[in-house]
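Okay, structure first, notes after.
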Amino acid sequence: MKKIIWILLCIFLFVNVGIGEWEIAKAEEIQYYIQVGALTKKESVESLKNKLNRNGYEPYTNLSGKVTRVFVGKYSTEAEAEKDIKKLQSIGIRGFIKSELVNEDVQDNQNLSNSRTNKEDAATESEKANSRDGKNTNETYKNFGLLNDVTINNENGSHVFFFEVSKHWNVENTSYLNLVVSQSQLNDKKDSILTVYINDVPVYTKSLFNKDKSNENIRIQIPVDKITEGFNSVKIRVFRDMAKNMSVEEDNSKNWVVFHKESHVHIDFTDVKDSLKINDYPYPYLNVSNSMPSNSMFIIPDNGTSHLMEAAVILSSNFGQRRRFEDVNINIFKYSDAVEKDQTNVIYIGTKADLPEEILDNLSQAEKYIIESDALIKEIVSPYNKKYKMLMIISNNKENLMKAVQSLCYDNMVMKMNADTQYISSKVAIDIPINEKADYFNLEKLGYSDLLLEGLFRQQVVYRVQIPKSKVIKEGAKVVVKIRYSKIINFEKSLMTIYINNNPIGSKVLSETTADNDSYEIEIPKELLDEEFYDVKIAFDLEMKDSYKKTETQKSVWAFISKESYLYLPFENKVDTYFEDYTSHFIKNNSFNDVLIVMPDNPSNGALKVMANIASFLGHEIEKISNINVIKSNEFWDKHKDKNIIAIGEGINNSFIQNLNEDLHIKFNSSFNKFVSSKKINIPDAYNGNLGVLQLIESPYNENANIMVITSTKEEGLLWCNKYLTNFDYVSQLRGNALTIDESGNINWEKFGDDFDLEINEKEVEEEKTQKEKITRGNQLRNILIFVASILIFVIASTLFLLRKERSRKRRRKRRRGNRR
């Protein structure tokens with residue numbers, strides 16, 4: 001009985017503890033979701049919901065006052081939500097993560113609109129961006145980060161970084177600098193002062209007395225009248241009055257202040273109202289924004305010819321050229337499929353015969369006549385929504401239409417178009433500016449101006465230079481700094497040091513004899529050549545004789561960096577046929593490397609989007625737009641075979657890809673509606689219909705050329721490929737020369753080719769040899785064991801036989817003795 005009671009008690013305790021733990025888990029369970037809009041207009045809400053539906057999302061809304069918030073997803077972890085954030089960005093929709101407790105009791109007391117979020121700043125800024133006129137991709141702020149942690153020792157020094165303001169911004173008075181600060185706790189800070197300068201004008205001063213805080217946030221409003229168009233400098237200066245503590249020198253190394261890389265300048269702005277003048281181009285069709293600069297839609301006719309697609313490619317590559325370090329995300333549609341043309345600015349490229357009635361109505365009789373031969377560039381208020389603009393590029397003459405789009409790629413030509421209408425005839429010459437040598441990056445070319453650094457001890461500035469992904473920096477790269485500096489410094493103790501990505505590469509002792517015109521040249525070490533970017537830090541350590549007694553002369557201590565300072569970065573193209581460096585096959589000498597894009601005869605909108613965005617991504621690395629053409633697959637002839645080719649489209653509708661099938665690493669079946677598994681990549685039937693495939697192969701037509709194939713079994717697969725070829729974050733994930741990508745973003749890659757097949761064959765031969773050796777050794781061992789066993793059996797059998805015989809002999813002897821008795 002006691003045993004039964006004990007068992008029941010254990011069961012009771014187990015059940016109750018389990019239920020208690022389940023209730024706790026339930027009470028603490030958090031559900032995440034993504035807010036993608038906060039809109040005031042019903043039509044904007046519906047448009048956003050329709051776009052989400054078309055891309056496989058099921059949006060839901062919450063109305064709070066006049067604002068409708070749009071949400072997608074229910075996720076159990078924040079990581080799952082983050083993954084969808086990136087997918088949404090790839091289709092031009094920004095969002096931020098919110099969360100709530102899923103316990104029913106909690107939900108009864110808390111609705112969706114006031115759910116807590118881990119990213120309140122992001123939420124505020126994103127709502128602000130998404131609520132403006134219901135335009136989801138029209139940003140109204142931009143953040144400029146500090147890049148890396150900055151440490152100032154000795155409590156006397158400064159650091160300078162930059163932010164850029166577009167001429168098309170009206171900067172608002174809510175802009176600010178957010179500093180994240182930590183400081184040493186070993187010494188009293190009451191004499192230490194933080195001062196912030198905007199363009200060398202002091203805007204904020206604070207005592208650093210509070211030494212107990214780590215990662216302290218200091219938000220500093222930036223006066224609008226101190227911000228200028230173009231690059232603006234932010235100087236963070238820490239100063240300690242040494243005169244109040246003459247013995248402080250021995251403790252200076254223990255005094256430090258760190259400004260963390262999370263520090264940033266936040267600029268709020270509204271767009272300047274665009275006038276109907278072409279000389280504002282590419283504004284408003286291309287903006288400077290946080291994530292989606294493209295603020296427009298390209299439209300071509302339903303039966304758009306190759307040269308109209310080529311015109312769109314040239315403008316797309318120029319968009320990328322103008323935003324070298326940003327994902328542009330271009331939208332391009334055939335006219336009949338451009339259902340959201342009332343939600344954005346429009347660039348229409350076409351001929352007279354295919355002009356829609358609403359566009360034709362905006363042309364005068366004279367203009368209708370002129371476009372028979374000349375090209376017309378005309379900006380009008382969009383006929384689809386008066387809040388937006390339309391740029392028309394129209395001509396029946398192919399050569400003049402191409403001239404028109406090329407003229408828009410060069411600011412020296414655009415600035416002369418001081419009207420809403422511009423004609424381009426055969427007599428117009430495209431004035432292509434002569435660029436400086438591409439290997440030289442001087443500060444002025446990068447957008448920086450001369451810089452003055454004032455004060456004792458460490459004064460420093462950081463400049464960023466992006467390295468083209470398709471390039472390898474050769475030996476001999478160097479930094480050349482042209483400087484001037486004060487003559488009252490202690491020249492025995494003052495010096496300048498150059499850092500690349502926080503690695504010191506050289507120092508120079510300053511000299512009184514060269515103070516008025518000095519320079520320093522240092523070669524970049526070999527181990528730093530293979531970098532994606534260079535953060536070049538120029539640091540001055542300035543001391544002055546009797547400096548502790550002459551603090552009033554602080555501003556007499558200075559160093560000046562000329563904008564003529566430069567980096568010499570000799571490049572060579574990468575040559576490996578892998579997606580890690582796929583742009584290297586299509587860029588040469590800062591221009592397109594004789595590139596041909598082969599499109600389907602009747603391209604889908606997905607194929608058009610891939611075409612435009614690849615051109616834009618390649619455009620990040622070019623100086624001059626030339627040597628790129630577009631044809632349809634039925635137009636491919638022998639004259640095209642020497643080119644580097646980019647083939648785009650579903651296998652079933654691009655005859656060029658079909659003819660290339662036997663040369664592909666991942667082949668189609670005979671119906672071109674499925675991919676065929678190979679020894680390296682297995683593609684199950686259930687998985688086959690939902691794949692995008694990327695391949696890089698050596699051209700079968702020219703051993704010195706390459707072909708990149710972007711294909712799929714359906715249009716959506718092309719879009720999955722698109723983001724991995726045109727988004728900086730995703731491009732870095734590419735590997736090998738053949739990849740499959742599914743709708744969840746899962747990548748399966750391999751390396752094909754003679755070298756790798758040879759490696760595999762050699763490995764197989766070696767494995768087979770090893771296996772044979774194992775078998776041989778096994779057979780030998782088996783034979784030895786059999787031999788030994790046979791001997792043992794023989795010995796045992798012989799012994800038993802002899803023993804038995806001996807026993808028989810003994811029995812016979814015994815019987816004989818008995819008979820004798």
Side-chain angles (χ1 to χ4, degrees), residues 35-36 38 82 85-86 88-89 92-97 117-132 135-150 159-181 196-199 203-204 215-224 226-236 258-271 286-295 323-329 446-448 461-464 466 533 535 727-729:
Q35 181 171 324
V36 293
E82 287 285 1
I85 284 278
K86 293 181 178 180
L88 288 164
Q89 287 177 346
I93 297 176
R94 281 190 82 247
F96 60 91
I97 298 170
T117 174
N118 296 325
K119 300 179 180 179
E120 293 298 335
D121 287 342
T124 301
E125 291 168 356
S126 185
E127 285 193 24
K128 188 190 305 178
N130 291 341
S131 63
R132 186 175 178 215
K135 178 76 179 113
N136 186 269
T137 58
N138 193 7
E139 304 287 349
T140 57
Y141 77 97
K142 188 173 178 72
N143 290 334
F144 301 85
L146 196 57
L147 302 180
N148 293 292
D149 290 349
V150 172
H159 178 83
V160 178
F161 69 103
F162 302 91
F163 65 93
E164 186 178 10
V165 170
S166 168
K167 66 179 180 179
H168 301 297
W169 292 356
N170 283 321
V171 179
E172 299 179 356
N173 59 10
T174 53
S175 300
Y176 59 84
L177 166 65
N178 189 76
L179 292 177
V180 184
V181 185
V196 175
Y197 301 79
I198 302 296
N199 295 322
V203 297
Y204 178 83
N215 286 22
E216 178 184 6
N217 277 278
I218 303 174
R219 180 169 290 194
I220 303 160
Q221 185 172 353
I222 301 177
V224 175
K226 302 300 185 289
I227 299 174
T228 62
E229 178 186 316
F231 274 83
N232 293 258
S233 65
V234 180
K235 181 190 293 184
I236 311 166
V258 174
F259 299 98
H260 296 280
K261 62 184 179 182
E262 291 79 13
S263 304
H264 63 275
V265 170
H266 173 96
I267 299 296
D268 285 314
F269 63 91
T270 57
D271 292 330
L286 184 69
N287 275 341
V288 180
S289 69
N290 248 12
S291 56
M292 297 297 173
S294 181
N295 192 31
R323 296 288 177 269
R324 291 191 181 276
F325 312 122
E326 297 175 275
D327 299 319
V328 177
N329 191 33
L446 294 170
Y448 301 104
V461 61
V462 175
Y463 303 97
R464 170 158 284 194
Q466 196 81 17
F533 61 85
D535 283 339
N727 180 291
F728 282 107
D729 291 334

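Nothing fancy with the numbering, it's 1 onward along the sequence.
Inter-residue side-chain proximity for Asn170 and Phe269 is flagged as unmet; no heavy-atom pair is nearer than 4.5 Å. For the pair Ile236 and Val150, the minimum side-chain heavy-atom distance is 4.5 Å or more. Side-chain contact between Val462 and His159 is present, with heavy atoms from C-beta onward closer than 4.5 Å. Leu146 places none of its side-chain heavy atoms less than 4.5 Å from the side chain of Val234. Residues Phe162 and Val461 have side chains in contact (heavy-atom distance under 4.5 Å, counting atoms from C-beta outward).
To the nearest 0.5 Å, atoms NE2 (His260) and CD (Glu216) are separated by 10.5 Å. One finds the NE2 atom of His266 at 7.5 Å from the CZ atom of Arg219 (value rounded to the nearest 0.5 Å). Distance check, rounded to the nearest 0.5 Å: CG of Asn178 to CD of Glu262 gives 10.0 Å.
With Tyr204 as the partner, the side-chain contact (heavy atoms from CB on, under 4.5 Å) test is satisfied by one option alone out of Leu177, Leu179, Ile218: Ile218. Screening Phe231, Tyr448, Phe161 against Tyr463 for a ring-ring contact (aromatic ring centres under 6.0 Å, His included) leaves a single residue, Tyr448.
Residues meeting the side-chain hydrogen bond (donor to acceptor under 3.5 Å, both in side chains) test with Asp149, sequence neighbours left out: none. Not counting sequence neighbours, the partners of His168 by the ring-ring contact (aromatic ring centres under 6.0 Å, His included) test are Tyr283. Here Lys226 pairs with Ile198, Val201, Val203, Pro223 under the side chain to side chain contact (heavy atoms under 4.5 Å, CB included) rule; sequence neighbours left out.
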